[in-house]
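Heavy atoms only: backbone and side chains are in, while hydrogens, waters and symmetry mates are out.
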Amino acid sequence: MNLFQNAKFFTTVNHLKDLPDTPAEIAFVGRSNAGKSSAINTLTNHVRLAYVSKTPGRTQHINFFELSNGGFMVDLPGYGYAQVPEAVRAHWVKLLGDYLQQRRQLIGLVLIIDARHPLKELDIRMLDFFHATGRPVHILLSKADKLSKNDQIKTLSAVKKMLKPYMERQQISVQLFSSLKKQGIEEVNGVVGAWFAKEAQAEGDNEES
């Protein structure tokens, strides 16, 4: 089942105090221009659910989408390059950081990384930053169609090798993904579906105890 198939826009917020009361949510994050919006649109089979722009850094708020299982998908502001005033950038950084570390309903993070430029310093910093939450991270190596099949295999292997020290301290998985070729959709669904199932199981156990 495609969890993302019938996703519907729910709300957008620019301050933590305005965050909605959701049962459980997964968040998508990535460097500006890594292909995050395209990945969301591909997963949901919706051309413009998440806004795709030629100008990086256009996602300026936290956008919530309701999924078919009753959970939520959250589109977070891109980090890194963005031609915006410093005051606006500082607000994004604080909003993003506070959400990632304080949001109780957040059960896992989907990190979008351009397969041609994997694991840059900001991506490593994101892994380090999110490590404190104890929640899982699933990495999509996006734009995989820009690489040959051979280079895709080599890149995935190299990234897994680079991630080994991080995998020993936190739950991290990684896959190839292409919005253009619709590659990797089932794998994302499997990982995220397992996160939601685990959360539902934990909630059920808490109610029984």
Side-chain angles (χ1 to χ4, degrees), residues 2-5 7 26-47 49-54 56-59 65 67 73-82 96 100 106-131 133 135-196:
N2 185 344
L3 276 176
F4 303 96
Q5 183 73 44
I26 54 132
F28 280 68
V29 72
R31 276 182 299 147
S32 296
N33 217 23
K36 175 170 58 70
S37 294
S38 295
I40 289 173
N41 289 336
T42 296
L43 287 166
T44 58
N45 196 26
H46 196 296
V47 179
L49 190 72
Y51 185 70
V52 180
S53 171
K54 294 292 184 187
R58 288 299 294 270
T59 305
F65 302 90
L67 301 176
M73 171 180 68
V74 184
D75 183 13
L76 296 172
Y79 54 86
Y81 172 85
L96 184 65
L100 288 172
L106 180 60
I107 63 170
L109 186 68
V110 180
L111 175 57
I112 316 296
I113 296 175
D114 189 326
R116 298 167 299 175
H117 314 290
L119 293 178
K120 296 293 187 185
E121 183 189 352
L122 286 173
D123 302 322
I124 296 297
R125 280 166 60 184
M126 177 59 70
L127 289 176
D128 286 338
F129 186 76
F130 196 65
H131 168 233
T133 69
R135 295 167 184 141
V137 178
H138 186 56
I139 296 173
L140 302 192
L141 296 175
S142 67
K143 307 184 185 182
D145 54 277
K146 306 284 189 186
L147 302 175
S148 68
K149 287 291 182 187
N150 194 39
D151 283 341
Q152 286 185 29
I153 294 166
K154 284 181 180 176
T155 297
L156 183 60
S157 176
V159 169
K160 283 181 176 177
K161 189 174 181 181
M162 290 167 71
L163 284 171
K164 201 166 181 187
Y166 300 90
M167 289 175 166
E168 290 171 358
R169 68 175 192 188
Q170 64 192 117
Q171 186 184 330
I172 300 175
S173 48
V174 58
Q175 69 165 95
L176 294 163
F177 188 86
S178 167
S179 296
L180 185 67
K181 302 289 187 183
K182 295 186 166 36
Q183 173 187 352
I185 295 174
E186 288 184 10
E187 195 172 342
V188 183
N189 266 282
V191 171
V192 170
W195 289 351
F196 278 115

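Counting only heavy atoms from C-beta outward, the side chains of Val192 and Val110 approach each other to under 4.5 Å. Phe4 has its side chain out of reach of Thr42: every pair of non-hydrogen atoms, C-beta onward, lies at least 4.5 Å apart. Residues Arg135 and Trp195 fail the side-chain proximity criterion, which asks for heavy atoms closer than 4.5 Å. With a 4.5 Å cut-off on side-chain heavy atoms, Leu96 and Phe129 do not count as touching. The shortest distance between side-chain heavy atoms of Leu109 and Ile26 does not fall below 4.5 Å. Looking at heavy atoms from C-beta onward, Leu100 lies in side-chain contact with Met126 at the 4.5 angstrom threshold. Counting heavy atoms from C-beta on, the side chains of Leu111 and Phe130 never come closer than 4.5 Å.
From Met162, atom CE reaches atom CD1 of Ile124 across 6.0 Å, with rounding to the nearest 0.5 Å. Note that CD1 of Ile185 is 7.5 Å distant from CG of Asn45, once rounded to the nearest 0.5 Å. Distance check: Ile113 CD1 to Ser142 OG gives 8.5 Å after rounding to the nearest 0.5 Å. To the nearest 0.5 Å, atom CD of residue Gln5 and atom CG of residue Leu67 are 11.5 Å apart. Here the CG-CG distance, from Leu176 to Leu147, works out to 8.0 Å after rounding to the nearest 0.5 Å. The line from CD1 of Ile139 to CZ of Phe177 is 14.5 Å long, rounded to the nearest 0.5 Å.
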>> Pair Phe28, Val74 - check side-chain contact (heavy atoms from CB on, under 4.5 Å), show working.
In response: CA-CA 6 Å; Phe28 280 68; Val74 184; over 6 Å; no

>> Run the side-chain contact (heavy atoms from CB on, under 4.5 Å) test on Thr133 and Leu106 for me, step by step, so that the C-alpha distance in whole Å, both residues' side-chain angles and the decisive distance to 0.1 Å come before the verdict.
In response: CA-CA 9 Å; Thr133 69; Leu106 180 60; over 6 Å; no

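The two residues Asp145 and Lys181 come nearest to each other via the heavy atoms CB-CG, 3.7 Å. When all heavy atoms of Lys36 and Leu76 are compared, the closest pair comes out as NZ-O, 2.9 Å. Residues Ile112 and Gly35 share a closest heavy-atom pair of CG2-C, 4.0 Å. Listed here is the closest heavy atom pair of Gly78 and Ser32: C-OG, 3.8 Å.
Judged by distance alone, with hydrogens and angles left aside, the side-chain atoms of Ser157 form no donor-acceptor pair with the main-chain N or O of Lys154 at under 3.5 Å. The main-chain N or O of Ala7 is never found under 3.5 Å from a side-chain atom of Thr44 such that the two would form a donor-acceptor pair.
Here salt bridge (charged side-chain N to carboxylate O under 4.0 Å, His left out) pairs that include residues 109-123, with residues two or more places apart or in two chains, are Arg31-Asp123, Asp114-Arg116, Asp114-Lys143, Glu121-Arg125. For residues 160-180, the set of pairs meeting the salt bridge (charged side-chain N to carboxylate O under 4.0 Å, His left out) definition, not counting sequence neighbours, comprises Asp128-Arg169. Residue pairs meeting the salt bridge (charged side-chain N to carboxylate O under 4.0 Å, His left out) criterion with at least one partner in residues 183-192, sequence neighbours excluded, do not occur; the list is empty.
Contacts of Gln171 classified as side chain to side chain donor-acceptor pair (under 3.5 Å), with partners at least two apart in sequence or in another chain: none. Shown here are the side chain to side chain contact (heavy atoms under 4.5 Å, CB included) partners of Met167, two or more places apart in sequence or in another chain: Leu163, Ile172, Val174. Shown here are the side chain to side chain donor-acceptor pair (under 3.5 Å) partners of Asn189, two or more places apart in sequence or in another chain: Asn2.
For the residue pair Gln183 / Gln175, no side-chain donor-acceptor distance below 3.5 Å is found, with atom types taken as modelled.
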